[in-house]
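None of the values given here were measured: they were computed from a predicted structure. All heavy atoms count here, side chains included; hydrogens, waters and symmetry mates do not.
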Amino acid sequence: MTIPNTEIRDMFDQVADLLELKGENPFRVRAYREAARVISGFSEQVEKLVKGGGDLTAYRGIGKDLAGKIQEIVETGSLKQLEELKAQIPESLLELLQIPELGPKKIAALHKELGVKTLADLKQAVEAGRVSTLKGFGKKSEQKILESIGRTKKAGGKRMLISDVEPYATALEQYLKDQPGVKQVAVAGSYRRGKETIGDLDILATCGEGDEEQVMDAFVRFEDARDTIAHGKTKSSVRLRSGLQVDLRIVPEESYGAALHYFTGSKAHNIAVRKLGIDRKYKINEYGVHDGENRIAGRTEEDVYAAVGLAFIEPELRENMGEIEAAQENRQPGLITLNEIRGDLHAHTSRTDGRNTLLEMAEAARDLGYEYLAITDHSQKVAMAGGMTEKDLREHMQRIDAVNEQVEGITLLKGIECDILAEGTLDLPDTVLKDLDLVICSVHYYQRLSREDQIKRVLRAMDSPYCQILGHPTARLINTREPIDIDLEKIIEAARERGVVLELNAQPDRLDLPHNYCKMAAELGVKIALNTDSHSIEGLKRMKGGVTEARRGWLTKADVINTRPLGDMLAMLRKR
DNA sequence: GCCGTTTTCGGCCCGACTGTTTTCAGTCG
């Protein structure tokens, strides 16, 4: 039996939810949540760690008891404690936690006093006016609950892709900057950390003294705001028409850095930094670092970190996954930047499913300042996209040569995105692959193979000396399609042995290889190709999102092959 | 349930807003 980390994480989260509904010690609840978080950040499989006799208690947040429970899950596939809790508390109560106004205490009251078990029960109880008879509930609560029930059914509170959120973030930032009295505006939160998906936008502002109220008034009047969730002097929240929630906080200028740090998070990172403050007898909040009555830091983020003995930590690293220790020991990675990218190694043209011609793509890449662009159209298996046979590909190679003659200032590389077939063989014969500059091998079909078959298949493809880059290794589509069932640790190990480069595909809904595995790959010396997988000239500009994911994966210029000049980059590809 | 040169008990990050209160609990981030 195989238990993915995500399943262990979900079980612990469920235990935490159920314990909370039971009114258990909140710190005990927190321990389960923390363990769930730590597990989800693992870049190796917990199951493998346990079976290999690894010591889970070495990880912060996992003690003897929880290590035992993880072992139980790995060995039996279930957790007795969770089953017992489910027997005591109706599992359907968990769905009530999705309603914004309801937390564990209120749900417990609804359950105990009114016998509410499901969303449907709750709706009935509200409509019958029974909810407002309870202590702590009133007419307004009933109203809000009813609205929220309608909403969870429609939108489901899904997190949005960061690329979809960007236009809102930019527009709001500009709108607020244009308001009279406003001095500084920054989008903080998971947006600033560059997470793949965004739950809500956190915006921070400073303004002239006395201007707070008019700024807040302007904020809730933002033209795209659908309704106001909260409207205070220093904190307000609105929901945009798209369903995206936006919070605005206004702080004094001398607190800007502390607040920016605080609202950038992550929560786990902040807690760890605050603990360092406590060690020094400081209190850290969004207004500054305080030594008794005195504020000793807070104007900039650098001040805040310095106050607790840390070098500045890049927002993308702030997940309490080792960055604090790294900053203490001054061994922070010099994260890769967009302007270090010298070329793009994955692009499609109108020959298959792209929208632009070879020439247009070449000129667009040159205009981005690139030195090279690999043309990697699809192979024959991808018939829907006009995938190429050997003969087609040879003709395409000639056209690429012709464009290289024609265009100055950029080199087009002759490549292919060659499909990995069901059995792990490649979609085109070696006789043509050997004449290319670059071969990317990718999984597009047969995504539902068993874990065992999937691993076998991809490893077999990687055995081919022509497999130089493994394209979008998990094949995930964020919010749309689960990753294929595969042991990435094994794939990374195989890449190291064979000299295969792993792709970090920058498409906003792929970001594949995911950042935690990028980190693992780099630690093992496996190189990454940071590619846009463009299907148009606009697509070439999506490199930025890939760089952000790479930064979240602690990657430096040295880890990414397309930061090198053409000759050096080619020399890093597997020989064949 | 975790954790530890303030160690094996007794702490555990911190504050704003809302609704229902009449001084505060619950929720959220």
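A donor and an acceptor atom, one from each side chain of A:Q14 and A:D10, are nowhere located under 3.5 Å apart. In the model, A:E142 has a side-chain atom that pairs as donor or acceptor with a side-chain atom of A:S132 under 3.5 Å. Side-chain contact, A:E24 with A:Y32: no donor N or O sits under 3.5 Å from an acceptor N or O.
Counting any heavy atom pair closer than 4.0 Å across all strands shown, A:K267 reaches a base atom. Heavy atoms of A:Y262 sit under 4.0 angstrom from at least one base atom. Within the nucleic acid shown, A:K69 comes within 4.0 Å of sugar-phosphate atoms alone, with no base atom in reach, counting heavy atoms only. Residue contacts shown for A:F12 are absent, as no nucleic acid heavy atom lies under 4.0 Å away.
Comparing B:dG29, B:dT27, B:dC13 against the side chain of A:D202 picks out B:dG29 as the nearest. The side chain of A:S141 lies closest to B:dG19 when the candidates are B:dG1, B:dG19, B:dC17. Picking from B:dC17, B:dG15, B:dG1 the nucleotide with the shortest atom distance to the side chain of A:N285 gives B:dG15. Here B:dC2 is the nucleotide among B:dC2, B:dA16, B:dG26 with the atom lying nearest to any side-chain atom of A:L66. Relative to the side chain of A:H231, the nucleotides B:dG19, B:dG29, B:dT18 differ in distance, and B:dT18 lies closest. Among the nucleotides B:dA16, B:dG29, B:dC13, the one closest to the side chain of A:Q245 is B:dG29. Among the nucleotides B:dG19, B:dA16, B:dC13, the one closest to any side-chain atom of A:E286 is B:dA16. Here the side chain of A:N25 is nearest to one of B:dC14, B:dC17, B:dC12, namely B:dC12. Comparing B:dC13, B:dG26, B:dC3 by their nearest atom to the side chain of A:R60 picks out B:dC3. When each of B:dG26, B:dC12, B:dG1 is scored by its nearest atom to the side-chain atoms of A:K106, the top-ranked nucleotide is B:dG26.
Distances shorter than 4.0 Å separate none of the side-chain N or O atoms of A:Y282 from OP1 or OP2 on B:dC14. The shortest distance between the side-chain N/O atoms of A:R30 and the OP1/OP2 oxygens of B:dC13 is below 4.0 Å. Here A:R274 does not reach the OP1 or OP2 of B:dC13: none of its side-chain N or O atoms lies under 4.0 Å away. Phosphate proximity of B:dC17 to A:S237: absent, as no side-chain N or O sits under 4.0 Å from OP1 or OP2.
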Exercise for the section: Begin with the C-alpha distance, continue with both residues' side-chain angles, and end with the deciding distance and a verdict on salt bridge (Lys or Arg N to Asp or Glu O under 4.0 Å) for A:K135 and A:E113. Expected result: CA-CA 10 Å; A:K135 191 169 148 59; A:E113 307 291 334; over 6 Å; no
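Between A:D279 and A:K275 there is no salt bridge, since none of the side-chain N atoms of the basic residue sits less than 4.0 Å from a carboxylate O of the acidic one. The existence of a salt bridge linking A:E493 and A:K48 is excluded, since no basic side-chain nitrogen approaches an acidic carboxylate oxygen closer than 4.0 Å.
Taking atom C1' on both nucleotides, B:dT5 is separated from B:dG1 by 24 Å, rounded to a whole Å. Comparing the same atom, C1', in B:dG26 and in B:dT20 gives a spacing of 11 Å after rounding to whole Å. For B:dG10 and B:dG15, the P atoms lie 25 Å apart once the distance is rounded to whole Å. Spacing between B:dT7 and B:dC2 at atom C1', rounded to whole Å, works out to 13 Å. Of the P atoms belonging to B:dA25 and B:dT21, the separation is 13 Å, rounded to the nearest Å. If you take atom C1' in B:dT6 and the same atom in B:dC12, they sit 15 Å apart, rounded to whole Å. As rounded to the nearest Å, B:dC17 and B:dC13 have P atoms that lie 23 Å from one another.
An anti orientation is assigned to B:dT22, its glycosidic angle lying beyond 90° of 0.
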